Each structure stands twice: as structure tokens, then as C-alpha cells.
Amino acid sequence: MSENGVKIVEIPSTVTVRDLASMIDVSPIDVIKQLMANGVMANINQQIDFDTAAIVIAEFGFEAEHLAAAEDELEEAGELPLWRQLIGDEDPKTLKDRPPVVTVLGHVDHGKTTLLDAIRLTNVAEGEAGGITQRISAYQVEHNERSITFLDTPGHAAFTAMRARGAQGADIAVLVVAADDGVMPQTREALAHVQAARVPIIVALNKIDRPNSNPDKVKQELSDIGLIPDDWEGDTMVVPVSAKEKEGLEDLLEAIILVADSTEIKANPSGKVIGTVIEAELDKAKGVVATFLVQNGTLRVGDAILVGTSCGKIRAMFDFQGEPIKVARPSKPVSVMGLSDVPPAGELFTVVESEREARNIAEKRKIEQRERSRGTSKAQSLEQLFAAYKAGEVKELRLVIKADVQGSLEPIVNSLKELSVGEIKVNILHAGTGNISENDVMLAAASQGIVIGFNVTADQVAKNCADVEDVDIRVYDIIYRLTEDIELALKGMLEPETRRVVLGKARVREVFRIPKLGNIAGCVVTEGEILRNARMLVLREDEELFNGPISSLKHEKDDVREIRNGFECGIGLKGFEAFKEGDILECYTEETVPIT
């Protein structure tokens, strides 16, 4: 409640009309009417900014207060989307909107490839692509004079591999679900990968042309996994499409533009050049050919490039249609030639001053890489992971859970969710039945998590992947041992509690002025002892006036380290001189106490 009695409502930087109505307990229709009265046309799912929301709720008798945006919380956890991390040092005035980068994920038989092909053929400018096009797995389409970049990756494993190496490959994810089949295990896996990446989701409800399609049943299944359709008063856009018949494609592109407009997707075309390697290979005729996605700055032919331990100078650059180009701006997918080695997909690239500098840095990285591989074991233990958390990294324990049957999975998930302690939370990225697979390991790797199995095994591919990606796999056959390990780990992740320990108290009898030292309190110790290297609280009528270090402690004319109960002393404090007779000085130290 504000000083004038008006109720305060905390509102984030952007909020949907529906959520705003819920915050002030009025009908969304009333909010829409008020927006129209202020010249703003918006539907129930549309995002409005803080200033507009503040004007609207003022009409209903509320006062708006800015709530720290979700991105601010992510920033504290070091989990901002990559493009925000990359442009962190850029002047906000230099940032400009860039085309959204979209990845399409889904179950293997639900029409992802057909949908991508349909969008490409419908929207990409006609013309025979050069031989290099067949290797480019990213392309741009135009919709209402707006560009959209699509990443045509092999699936969510490749999408996650990019995140595992520190790159966020996409701004928006389209989850393809077949209207005649519904939510499948791979759909759930793909969703887990997208949610871990904190990327907005649009559902493409494919195969609506099939006679046995059942959209309502699929929407119910989507709701069960947390994707409530917008026409069911949820916040997930579900777009019916038929990739085969090329129906609904325009609606899907429009949905992508709408989501992009509600999400800040910016870059500085004149800033530092940074981007992601989408794929790379060694061509016998052309040498190393890599597909880059530019995410900030402008890439040019002739630039010196550094990619992990690879480097080189761009000799030639081609767009997604195989046409040679000289420059590539943010969100532009390009194929480049000139690198010394084949870089891994998902690696970040940057432009440096010269080829010599690129070579020097690349060589230094190779040496560091060899030292790391020589000095450390590959498999990272659970304890090492928790030590990293304790050292100040993300305060969240991320788990991928696999169990033999659903009957085991549910109690395990419920037990683990109840183990969250204070600010330290258990975040279950994905929970499913069956043996531990490579996909499970990649999800854990990309999210800095661990894989927990119950009455299951990890196949050899998953074990090999875990070794390469430094992921810890722990398998149990007794539930209470599983939950006990996680509980102990959570306690180990908690920062130790700081506790104030009072050593003694003194009462001020008179105040002395000493040249060069200032005011000194003449005191008598009434409890315990006063230590020279401790801290002091100054209390006046139970009000705390000062908290700081002791600058001097004297008994008569001698400097001393401690004064005990019943003795007189002179006390000087660093940064405080306004002593008065009767003040209480409380001497204390701080100690850390492990959470129990």
C-alpha cells in the first residue's frame, strides 16, 4: 500500500493482457477496453510494456511498481540468452532489431523435415542453389517484409550440443506435434531441451489434413505437459498446419513474428563480431567449409577468425543459396572458407585484429586444452559438481531422471521436488522411463546437470558421451539412497550461514577529543571483553547508530589487544566520532555456520 492508500501492484517490464487482468482481479475485456480508450489495440495474449500497464491499472485505482524482470533474475544466475550475454558490453543505443533465429524440433515421424521443406520452397526465393547449398543447414525466409532465419538441425540433440558448448543457437523453438499421433516420448525430450534453453515455444500442430487427426485430444496432451494452448486461455501459441498440403504455413510464420516482437531480439551491426558454428566439414577440393550464424556485428570477407582452437582468414563467403557475398549481418547464416581446422558445431567464433593474433590465441588454447586433459580426469563426480555450485555458480541442482517404470518415476520425482532448501532448488529438466541415452547425457551437459537413474543402465554410447562431456551418471536401486544423496548434496550447495557472536559490552562514561585521532569514548567494560581486532556496534536507546571496525583500544595510555569486564578503556572507531555519554558499545565477531 502506498503512502496515499493506493494499492501497489508489481508489474514486470512486459506483461500479457490476461496476466495484467489477473493481477488486479478484473476481466481481461475491461483491460482491453481501457487499452482501446488509450489508443492501444491489443488482444488477450498480447504483451504490453510497463508504462502502458501502469496507465491502465491507474484507471482501476492501482499504482504500478516495476518488478525486476525475469531476465534480471537470469542475469544473476548467469543464464541470460546468448545474444544478451554477447552484447552485454554494447551501448544500448547501438542495438537494433535483428531477424529471429528459429529451430524446429519434434518427434521423428511428426513431419519436421517436411515442414521445413514446405517453408523453404514456399518462401525462399526461387533459383537453383550452388553445390555448397546442400551443406548449409540454415536459411532465411521472408514474411511480410520481415526475415526469419531457420536452423535445419538434425534434431534436439544437435540443438542441445550447441548449448553444451556455450552457444544458444535459436531465439524461438517450434515444436512439431502430429495431430493424429499426439505427444510422444521424443516430444517430451525435445520440450525438456527447449525449456532448459529458456527459449519461447510455438507448437506447430501438423498433419491436420489426416482423417484421423484429433486436435482437441492433442491440445489436452500438450496441456498435461505444461503447454496450455492460447485458445484454452494458456500462453502457448498452437498453430494448425499441414506441411504436406502447405496449409497454415503463413499462420505459423505470423506466429513467429508475433513472438519475436514480444521478445527483445537485438544486436549491434557495428559492434564486436560474434556468432556460432552451425556445422563444419573438410572438403577435399575447398578445404574446411563451415556454416556460421552471425549473432552480433558484421562479418566480412578478409576478416581474421578465431573459433576455439581453430583460426584463419575468410577467403570466401556464401549465403544460404550458394551466392557469393562480401558481408553478413546479424542473424545471417553463411558458409565460409579459410579456417585451419574443422571446428565443432556449437563453438563460438569471433573476429580478431589479425591472422597472427588469431594463431597465437588458438595455439595458447591448444596448450591449455592439453594441460587440462593431462591434469584432470574426464568424468566429473557429483561432489565436484556441487563444489562448483558452492564456488558461486548457479544455485540450482539440475537433474535428468530415468527410471525403469512409471510407478518408480513418480515417487522419485515427488520426493526430489520436496528436497528444495531455501534458495537452492531442484530443477528436474526431464523425467522419463527407460535406459539412460545419449540424449539424456547431452541435456545434462548443456544444462550443467547430472543424470540420475533408478533400476536402469546407461548404454555404451551414453557412457562415451558422458566421458566426453564431463557428465556424472549415478545409478541407484534403492530410492531412499537416491534421495539421501541429493539431500546431502543440496546442503553442501548452501552457502554457510553468517552468525554474529557478541564478545562483550562497554558503556560510554565520557568523550575525549584527541588531536589527529578525533573523539575517543572513555568506557567501562560491563560484560565479557573487548578485542582490538573485532567489530563494534554503537547503540543509543536500542537504536543502531554505527557498525564498523575498532581503530584504537587503550588502557590508560597503553595500546592493548583486549580489555576485560570491569576495566576502563578508551575506544576509537573507524568512521564514527559522535559518541554520547550512556551509549552502549557492543563488541562482536562473525562466524560461519554450515547449514544443517
Side-chain angles (χ1 to χ4, degrees), residues 107-108 155-157 160 163-164 183-197 221 224-226 377-390 394-421 424-494:
H107 188 67
V108 66
H156 53 262
T160 308
R163 286 198 309 110
V183 174
M184 302 296 286
Q186 276 188 299
T187 312
R188 296 174 186 272
E189 283 187 16
L191 175 61
H193 287 247
V194 175
Q195 288 176 330
E221 292 177 354
D224 292 341
I225 61 172
S377 61
K378 269 291 181 183
Q380 191 175 30
S381 71
L382 182 61
E383 290 75 15
Q384 288 172 319
L385 185 60
F386 297 146
Y389 279 109
K390 221 177 163 187
V394 180
K395 292 298 180 184
E396 187 177 64
L397 177 56
R398 296 163 182 164
L399 304 176
V400 175
I401 313 290
K402 296 302 286 287
D404 53 347
V405 292
Q406 195 68 31
S408 301
L409 187 65
E410 289 179 6
I412 290 172
V413 169
N414 293 335
S415 298
L416 292 177
K417 284 182 177 178
E418 292 172 0
L419 291 181
S420 294
V421 181
I424 312 302
K425 292 181 170 55
V426 174
N427 179 3
I428 297 177
L429 301 167
H430 175 58
T433 57
N435 286 333
I436 297 166
S437 67
E438 182 185 13
N439 269 334
D440 299 321
V441 175
M442 287 304 300
L443 177 56
S447 308
Q448 293 182 310
I450 61 173
V451 182
I452 301 292
F454 179 75
N455 280 343
V456 295
T457 59
D459 59 40
Q460 193 57 49
V461 176
K463 289 177 182 177
N464 294 342
C465 181
D467 285 343
V468 172
E469 299 293 342
D470 290 343
V471 172
D472 192 20
I473 298 176
R474 296 177 79 92
V475 179
Y476 299 85
D477 54 10
I478 300 174
I479 289 181
Y480 83 82
R481 285 185 180 165
L482 185 160
T483 55
E484 187 179 63
D485 270 11
I486 301 302
E487 185 174 15
L488 290 172
L490 284 171
K491 289 179 178 178
M493 285 163 58
L494 285 169

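As the structure is a computational prediction, the values presented were derived from the model and not from experiment.
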Can you give me the closest heavy-atom contact between [X] and [Y], atom names plus distance?
{"X": "Ile225", "Y": "Arg188", "result": "CG2-NH1, 3.1 Å"}
{"X": "Ile428", "Y": "Ala431", "result": "CG2-CB, 4.1 Å"}
{"X": "His430", "Y": "Leu443", "result": "CB-CD2, 3.7 Å"}
{"X": "Asp459", "Y": "Ser437", "result": "OD2-CA, 4.0 Å"}
{"X": "Ile473", "Y": "Ala462", "result": "CD1-O, 4.3 Å"}

Among residues at least two apart in sequence or on other chains, which ones pass side-chain hydrogen bond (donor to acceptor under 3.5 Å, both in side chains) with Thr483? none
Can you name the residues that form a side-chain hydrogen bond (donor to acceptor under 3.5 Å, both in side chains) with Asp477, not counting sequence neighbours?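 If we apply the side-chain hydrogen bond (donor to acceptor under 3.5 Å, both in side chains) test to Asp477, skipping adjacent residues, there are no hits.
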With side-chain contact (heavy atoms from CB on, under 4.5 Å) as the test, pick out the partner of Phe454 among Ile401, Asp404, Val475, Leu409.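 Considering Ile401, Asp404, Val475, Leu409, a side-chain contact (heavy atoms from CB on, under 4.5 Å) with Phe454 is found only for Asp404.
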Measure the shortest side-chain to side-chain distance between Ile450 and Leu399 over non-hydrogen atoms and say whether it is less than 4.5 angstrom. yes
Any side-chain heavy atom of Ile436 within less than 4.5 Å of one from Val400?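 When only atoms from C-beta onward are counted, Val400 and Ile436 do not touch, as no gap falls below 4.5 Å.
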If you apply the rule side chain to side chain contact (heavy atoms under 4.5 Å, CB included), what do you find for Val471 with Asp440, and how did you get there? CA-CA 10 Å; Val471 172; Asp440 299 321; over 6 Å; no
Please check: side-chain N/O of Asp467 versus main-chain N/O of Asn464, any donor-acceptor pairing under 3.5 Å? no
Supply the atom-to-atom distance Ile452 CD1 to Ile412 CD1, rounded to the nearest 0.5 angstrom. 9.5 Å
How long is the span from the NZ atom in Lys402 to the OG1 atom in Thr433, to the nearest 0.5 Å? 7.0 Å
